[in-house]
**Q** 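The structure that follows is given in the form of structure tokens.
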Number of protein chains: 2
Amino acid sequence: MSKIDDVAKKANVSKGTVSNVFSGKRPISEKVKNQVLEAAKELNYTPSHIARSLVTKKTMTISLNIPYSKNLPLSNFHINLINGVIMEASSHNYRILIDTLSRENLELQYMSREAVDGVILLDPRENDSRMKYLLDFNIPFVIIGQPSEEYIAQSIYVDNNNKELAKNITSFLINKGHRNILYLNAPLSMTVSTIRQNGFFKAFNDAQVNPNNSKVVFKDSLDIDPSLYGYNKVKEFFSKNRDGYTAIIADTDKVGLGASRALKELDLAVPEDVSLLALSDDLVLSHELAPPLSTVDLKGSELGSEAVRLLFAQLGIGNYKKIQTKIVEGKFNIRGSIHTAKE
Amino acid sequence: MSKIDDVAKKANVSKGTVSNVFSGKRPISEKVKNQVLEAAKELNYTPSHIARSLVTKKTMTISLNIPYSKNLPLSNFHINLINGVIMEASSHNYRILIDTLSRENLELQYMSREAVDGVILLDPRENDSRMKYLLDFNIPFVIIGQPSEEYIAQSIYVDNNNKELAKNITSFLINKGHRNILYLNAPLSMTVSTIRQNGFFKAFNDAQVNPNNSKVVFKDSLDIDPSLYGYNKVKEFFSKNRDGYTAIIADTDKVGLGASRALKELDLAVPEDVSLLALSDDLVLSHELAPPLSTVDLKGSELGSEAVRLLFAQLGIGNYKKIQTKIVEGKFNIRGSIHTAKE
DNA sequence: TTTTGTTGTTAAACCGGTTTAACGAAATGG
DNA sequence: CCATTTCGTTAAACCGGTTTAACAACAAAA
């Protein structure tokens, strides 16, 4: 691969001039510019991204940090999110480095710092060690989701209006006459779960309605299959007390699907016997089911692109306003799976 | 950010020694090693990935090139594939750079070559300009899918046994008495579509059965919504001649879902009136539908990890055998959506 | 005419590491 | 005991660009 010196020699100019032709940072006369480009073409030369990065300290790359485990592959929500990130980033010629290494187990000593300009952090957890790492090394970052209390003041983040969303769908069910609602929530280790729990109970509070047996259940561990989680919990809570609950709020449509399967086995009809809805439609086809599942569209793609914008604002790229927090409103899609409560 | 010279000074050694402590390329005495590590810890030093790459010519990064458009977001099949790529790559500390820029429109002149050790190419097309680019610049690459004739001799690729799969499911339907089968294929611009078409007709040939009205339809364009494609084609072909076709093979389960919706509207029952199956289960929940959709699991995750292995073999990383082609066998999952042909 | 400003170009320093060649000290061997 | 390896360390060169400071050439201003 030919280098800048080769081009400089061939075009009879200095390497500085060649550099300026390609970076466009200083004006070069038409005549010299053409000489250089011609020489470059003949030598099949293109500038080395890495050598350039070394001195400019810009990598034109942002890292998308996804905590990843074998049992917890990417969901459709993630895909939408990644799609949003890619779209916005590539509009400024930025590229995405998928980073799945959790910093937890790595010895800092032997780790080399990443070659990225900034980081987008997915699925923040309580006591998330990634945050400490990024703050320590002064790497600009944006979180998608709710940072834990400890770090919230120092972090820039994009999130859904989760409390409100949980409140709204619960209120909707309350208005339909439901009083005993089972909420199959995300695991406690995910920051979002307690926020949604608060929204859930706020709905009862605002409506001045007694929550009766309404209950929030948390997924035991991140590794459990979501569908199985829904299935098992419904079997557990509906076998004991068949008439107790008249509605289920599932964390994701996968959980909802498992719940639906369990209900079918228990001979309970959706929505006649039990109303069912889910907070995230990871599967994009909820509406093709029978009955179509009511879900909340969390606008993954928007979350992704907004996160990139917040990061670009920090990096001084483009013309984005530097803000601390951006809330993306989810959209509640009411479909056939909801019914007024049975007497 | 402290650099290698700072550490060297503090530890009273040369930078070369510090370098060797971190890279482990030459033995260093226990005593000196500890001095260096201690100094590094105090200075919060970690080696710069970029400076290292500049001289080693290794970026520890592979690019995953996905042709991308606003109307054609990542599917679940892609996700599985990406998951496989991530798993295998990260096992050797390699990272993934998502690259969505198609080289088509970029002026080569102003483009800097990528900072990656190798490339994995998704969704190869006929006349795919990316291939020429990679060959020109001598960048190691592996294709997932079938390269076009033009490049097949020069390319290393991973693919499903597509012809055989198409043949097998068609044979299966023929054995069940089906004679008029509608095959809703991928667009012609995707190399896989003609290969599967060949498999489809080979099944009739092998069984010495007349294909009658059996027909292969190609998706007009990549941009059409798959579900709509299935819906429209079924409406078109089943309205004209309600008794013609007794089975449908859909390209993906999304297409199948659209087909299923159309059949319902036409008052045709699956599987009693029409058997339905799909070649790729992008949605992971085909089996939760009623009736469960028969699909072929294309093993996206395996395709991804095999591709990385073939690339690593080229790059001399790990201990993988250098081979030209790896075929990953899909798995045909027979579920409720297939029935013997109606008289 | 001299001074000041502008434009285009260059040589040299620099970015932060790795690698090479050389070398002294300690270990091995005859 | 001296010659030969081996081991650990270092100074200097290098990777392929960008940036700085200096300067020549020419135009505009005084």
Side-chain angles (χ1 to χ4, degrees), chain A residues 1-37 39-40 43-61 109-117 137-139, chain B residues 1-37 39-40 43-61 109-117 137-139:
Chain A
M1 179 67 46
S2 54
K3 41 196 249 189
I4 200 168
D5 305 77
D6 305 333
V7 178
K9 198 181 294 173
K10 180 152 200 141
N12 272 318
V13 295
S14 71
K15 41 191 293 203
T17 300
V18 177
S19 173
N20 283 321
V21 167
F22 280 90
S23 66
K25 297 213 174 165
R26 280 155 173 264
I28 299 288
S29 67
E30 242 355 84
K31 182 177 141 252
V32 174
K33 188 171 183 174
N34 286 333
Q35 277 174 46
V36 170
L37 286 181
L43 295 170
N44 215 3
Y45 166 83
T46 61
S48 149
H49 194 259
I50 290 183
R52 179 178 282 175
S53 294
L54 180 57
V55 41
T56 60
K57 272 97 165 75
K58 293 232 164 210
T59 61
M60 302 301 285
T61 305
Q109 292 178 350
Y110 292 100
M111 202 180 65
S112 76
R113 53 203 122 104
E114 299 297 342
V116 297
D117 295 346
F137 281 88
N138 237 321
I139 300 169
Chain B
M1 180 69 44
S2 55
K3 40 197 247 186
I4 200 170
D5 305 76
D6 306 333
V7 178
K9 199 181 293 172
K10 182 154 200 140
N12 272 318
V13 295
S14 73
K15 40 191 293 204
T17 301
V18 178
S19 173
N20 283 322
V21 168
F22 280 89
S23 68
K25 298 213 173 164
R26 278 153 174 266
I28 299 287
S29 67
E30 240 0 81
K31 182 178 143 250
V32 173
K33 189 172 181 173
N34 287 333
Q35 277 174 44
V36 170
L37 286 181
L43 294 171
N44 214 2
Y45 166 84
T46 60
S48 150
H49 194 260
I50 291 182
R52 177 177 284 175
S53 294
L54 180 58
V55 41
T56 59
K57 269 99 167 81
K58 295 229 164 214
T59 61
M60 303 300 285
T61 305
Q109 294 180 348
Y110 292 101
M111 204 180 67
S112 75
R113 55 202 121 104
E114 300 296 344
V116 298
D117 295 346
F137 281 89
N138 238 321
I139 301 169

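Protein chains get the first letters and strands the later ones, always in sequence-line order, with residue 1 at the start of each.
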**Q** To the closest 0.5 Å, what do you measure between CD1 (A:I28) and OG (A:S23)?
**A**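 If we round to the nearest 0.5 Å, A:I28:CD1 and A:S23:OG are 8.5 Å apart.
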**Q** At what angle, to 10 degrees, do the two end axes of the helix from C:dT1-D:dA30 to C:dG30-D:dC1 meet, given five pairs define each axis?
**A**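 It works out to 40° between the end axes.
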**Q** Drop me the distance from B:K33's NZ to B:T17's OG1, to the nearest 0.5 angstrom.
**A** 13.0 Å
**Q** Once you round to the nearest 0.5 Å, how far does CG of A:L54 lie from NE2 of B:H49?
**A** 13.0 Å
**Q** Do any N or O atoms from the side chain of A:T61 and from the backbone of A:V116 form a donor-acceptor pair under 3.5 angstrom?
**A** no
**Q** Nearest heavy atom decides the nucleotide; on that basis, is B:K57 or B:T17 closer to the 5' end of DNA chain D?
**A**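 The 5'-side residue here is B:T17.
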**Q** To the nearest 0.5 angstrom, please state how far the CG atom of B:N44 sits from the CG atom of A:N138.
**A** 10.5 Å
**Q** Could you give me the CA-CA distance, side-chain angles and deciding distance for B:K10 and B:Y45, then say whether side chain to side chain contact (heavy atoms under 4.5 Å, CB included) is met?
**A** CA-CA 12 Å; B:K10 182 154 200 140; B:Y45 166 84; over 6 Å; no
**Q** Compare the minimum distances between each of D:dG16, C:dG8, D:dT9 and the side chain of A:S29, then state the nucleotide with the smallest one.
**A** C:dG8
**Q** Counting only side-chain nitrogens and oxygens, does B:S53 get under 4.0 Å of the OP1 or OP2 atom of D:dC15?
**A** no
**Q** So which nucleotide from D:dT10, C:dT10, C:dG16 ends up closest to the side chain of A:V13?
**A** C:dT10
**Q** How long is the line joining NZ of B:K3 and P of C:dG16, in whole Å?
**A**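 Rounding to the nearest Å, NZ of B:K3 and P of C:dG16 are 4 Å apart.
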**Q** State which of D:dT9, C:dC15, D:dG16 makes the closest approach to the side chain of A:S48.
**A** D:dG16
**Q** Measure from NE2 on A:H49 to P on D:dC15 and round the result to the nearest Å.
**A**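 It works out to 21 Å between those atoms.
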**Q** Under the criterion side chain to side chain contact (heavy atoms under 4.5 Å, CB included), which of B:L37, B:I4, B:T46 is the partner of B:F22?
**A**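 Between B:F22 and the candidates, side chain to side chain contact (heavy atoms under 4.5 Å, CB included) is satisfied uniquely by B:L37.
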**Q** Let me know the distance between NZ of A:K58 and P of C:dG16, rounded to the nearest Å.
**A**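 Interatomic distance, NZ of A:K58 to P of C:dG16: 16 Å.
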**Q** Between the protein and nucleotides 18-22 of chain C, list the N/O to N/O atom pairs that are separated by less than 3.5 angstrom.
**A**
unit_1: C:dT18; atom_1: OP1; unit_2: B:R52; atom_2: NE; d: 2.9
unit_1: C:dT18; atom_1: OP1; unit_2: B:R52; atom_2: NH2; d: 3.3
unit_1: C:dT18; atom_1: OP2; unit_2: B:S19; atom_2: OG; d: 2.2
unit_1: C:dT18; atom_1: O5'; unit_2: B:S19; atom_2: OG; d: 3.4
unit_1: C:dT19; atom_1: OP1; unit_2: B:K25; atom_2: NZ; d: 3.4
unit_1: C:dT19; atom_1: OP2; unit_2: B:K25; atom_2: NZ; d: 3.4

**Q** How long is the straight-line distance from CD1 of B:I50 back to CD1 of A:I50, given to the nearest 0.5 Å?
**A**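 Spacing of CD1 (A:I50) from CD1 (B:I50) equals 7.5 Å.
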**Q** Could you state the CD1-P distance from A:I28 to C:dG8, rounded to the nearest angstrom?
**A** 8 Å
**Q** Just the rounded figure in Å: distance from C1' of D:dG17 to CG of A:D5.
**A** 9 Å
**Q** Could you work out, with side chain to side chain donor-acceptor pair (under 3.5 Å) as the rule, every residue matching B:S19, not counting sequence neighbours?
**A**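 Residues passing side chain to side chain donor-acceptor pair (under 3.5 Å) with B:S19: none at all.
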